[in-house]
Structure formats: C-alpha cells, structure tokens
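What's counted below: heavy atoms across the whole structure, side chains too, no hydrogens, waters or symmetry copies. In this chain, residues are counted from 1 in sequence order. Note that this is a predicted model, so its numbers are computed, not measured.
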Amino acid sequence: IVSDPHAGLNMSSMSMLEGMDTPTFMNTMYSWVAPKGWKQSPGQGMRLASFHLRADQEAIDCSVISLAGMAGGLEANLRRWMGQIGIISSDSALTGLIEAASSIKIKGGQEGKVFDFTTIQSQAKASDKSMIVVMLSMNEATLFVKMTGVVETLKKNKQDFFKLVQSIEPKDASNNP
C-alpha cells in the first residue's frame, strides 16, 4: 500500500526477548509519569501498566504494552485496531492513517509514530468508539501506548496522552537505538 510498510519505524529483528517473561521483564525497563488526574494500575497479561481517569474510570482505557520482535507488523496491527472500533480497513483508509501519522519523541529520545483513528472517522459521532496509538520501535521490542474510548473523550484527553508518551524513558541503555 505504501512504499515503507513500517511508516519509518525501525523494525529490525528483535529476537532477544523471545521466550522471556516479557511483562515482568519489561516492567523493569521503562519508567513514565502518569498525567495529572490519571490513575495508574499495575499491568496484567501483556500490559506493563493501565491508566484511567480518576474522575471517570470508564471514560478511557490507556495501556502500555511491549512485545518482542515486530509485534505482528504495522499494517496487521492497524487493520486489527480498525476492526476493533468498527472502521472498515480499506486500503485507502489504511494508507490515509499511515500517511497522516505524526512523530512523537519519548524522554529517552526514541521517536514513535502516532496513529490517531479519530482523524479517519469523518462521520463519527462524539459517542463512537475510537483509539489513538503510539508505536515505538525499540532495539529489543515494539512498545505500544494505546488509548481507547469514545471520540469526544479521546479528543479531550489527547494532550495528556501525549504527555504520558513523552515521559516514557528506557531504564536500560540497551534500549537506545
């Protein structure tokens, strides 16, 4: 669909973590600061951490997830997420989302791509489900920071979401590209 299927992300082989207890191991590899008014919960399963608004625990679901390797690839992940929020994953919608992806830097200096699904939901009602995902290629893993909720709530909390992403810092120098 696009000439660079990874939208500029360095998706080199990341096999070092295969076979490891990734959630426990990765929890010790990153730090971050929860935005004011957000509550952090311990990670479960693949999640390193979960976040919700203190004022309304159901309004958003934000997670930090780290997966070894290419983590399924960019297009496969985008198509899966589009399906989760009811967007038909046409080639044109996928291309538009990839082309519209902006960059964001974390505290550790690594650069990720922002995939804001609200931007391709042109006919969305404020109450339609959507998500914003930042995908970061680290040397040993792909880090996903994902916020889901309804369009209106995501738009209201987008800047705080970006503050969370920008506060992420690898604790281990081997994560630096």
> Can you name the side-chain contact (heavy atoms from CB on, under 4.5 Å) partners of V151, sequence neighbours left out?
T118, Q121, A124, D128, S130, K155

> Any side-chain heavy atom of S31 sitting closer than 4.5 Å to one from K171?
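Contact flag for S31/K171 side chains = yes.
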
> What residue pairs, at least two apart or across chains, pass ring pair (Phe, Tyr, Trp, His ring centres under 6.0 Å) with a residue in residues 85-104?
none

> Which atom pair, heavy atoms only, marks the closest approach of S66 to L143?
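Scanning both residues, the minimum pair turns out to be CB-CD1, 3.8 Å.
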
> Ring pair (Phe, Tyr, Trp, His ring centres under 6.0 Å) with W38: which residues, sequence neighbours excluded?
none

> For residues 158-165, which side-chain donor-acceptor pairs fall under 3.5 Å, sequence neighbours excluded?
from: K158; atom 1: NZ; to: D116; atom 2: OD2; distance (Å): 2.6

> Hey, quick one: are F115 and V150 part of the same hydrophobic cluster, counting side-chain heavy atoms closer than 4.5 Å, chains of contacts allowed?
no

> Which residues satisfy the side-chain hydrogen bond (donor to acceptor under 3.5 Å, both in side chains) test with Q40, sequence neighbours excluded?
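Result, side-chain hydrogen bond (donor to acceptor under 3.5 Å, both in side chains) vs Q40: W32.
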
> Which heavy atom of L136 sits nearest a heavy atom of Q110, and at what distance?
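Distance-wise, the nearest heavy atoms are CD2-O, 4.1 Å.
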
> Applying the 4.5 Å side-chain criterion to the ILVMFWY set and letting contacts propagate, would M135 and L78 be lumped into a single cluster?
yes

> Let me confirm one number: the CE-CZ distance from M82 to F117, rounded to the nearest 0.5 Å.
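It comes to 6.5 Å.
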
> Is there a side-chain contact between K107 and I168 in this structure, where contact means two heavy atoms from C-beta onward sitting under 4.5 Å apart?
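Side chain of K107 against side chain of I168, heavy atoms only: no contact under 4.5 Å found.
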
> Would you give the length of the straight line joining atom CD of E75 to atom CZ of R79, rounded to the nearest 0.5 angstrom?
6.0 Å

> Considering only heavy atoms from C-beta outward, does the side chain of V145 approach that of V133 to under 4.5 Å?
no

> When you measure from the side chain of T95 to the backbone N and O of D91, does any donor-acceptor pair fall under 3.5 Å?
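The answer is yes, because a donor-acceptor pair under 3.5 Å joins these two groups.
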
> For S103, enumerate each residue passing the side-chain contact (heavy atoms from CB on, under 4.5 Å) test, keeping only those at least two apart in sequence or located in another chain.
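For S103 the side-chain contact (heavy atoms from CB on, under 4.5 Å) partners, ignoring immediate neighbours, are E111, K113.
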
> Side chains of residues 54-65: which donor-acceptor partners sit under 3.5 Å, not counting sequence neighbours?
from: D56; atom 1: OD1; to: E58; atom 2: N; distance (Å): 3.2
from: D61; atom 1: OD1; to: R47; atom 2: NH1; distance (Å): 3.0
from: D61; atom 1: OD1; to: H52; atom 2: NE2; distance (Å): 3.4
from: D61; atom 1: OD2; to: R47; atom 2: NH2; distance (Å): 2.7

> Can you tell me how far apart OG1 (T119) and CG (L97) are? Round to the nearest 0.5 Å.
6.0 Å

> Is any side-chain heavy atom of L53 less than 4.5 Å from a side-chain heavy atom of K39?
no

> As an exercise, state the distance from CD of E99 to CD1 of I120, rounded to the nearest 0.5 Å.
12.0 Å

> Using the test side-chain contact (heavy atoms from CB on, under 4.5 Å), find all partners of Q84 that sit at least two apart in sequence or belong to another chain.
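R80, W81, M131, K146.
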
> If you look at every heavy atom in P170 and I106, which pair is closest and at what distance?
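Taking P170 first and I106 second, the nearest heavy atoms are CD-CD1, 4.2 Å.
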
> Would you indicate whether the side-chain heavy atoms of Y30 and M138 approach each other to under 4.5 Å?
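A side-chain contact exists here, since the closest heavy-atom pair is under 4.5 Å.
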
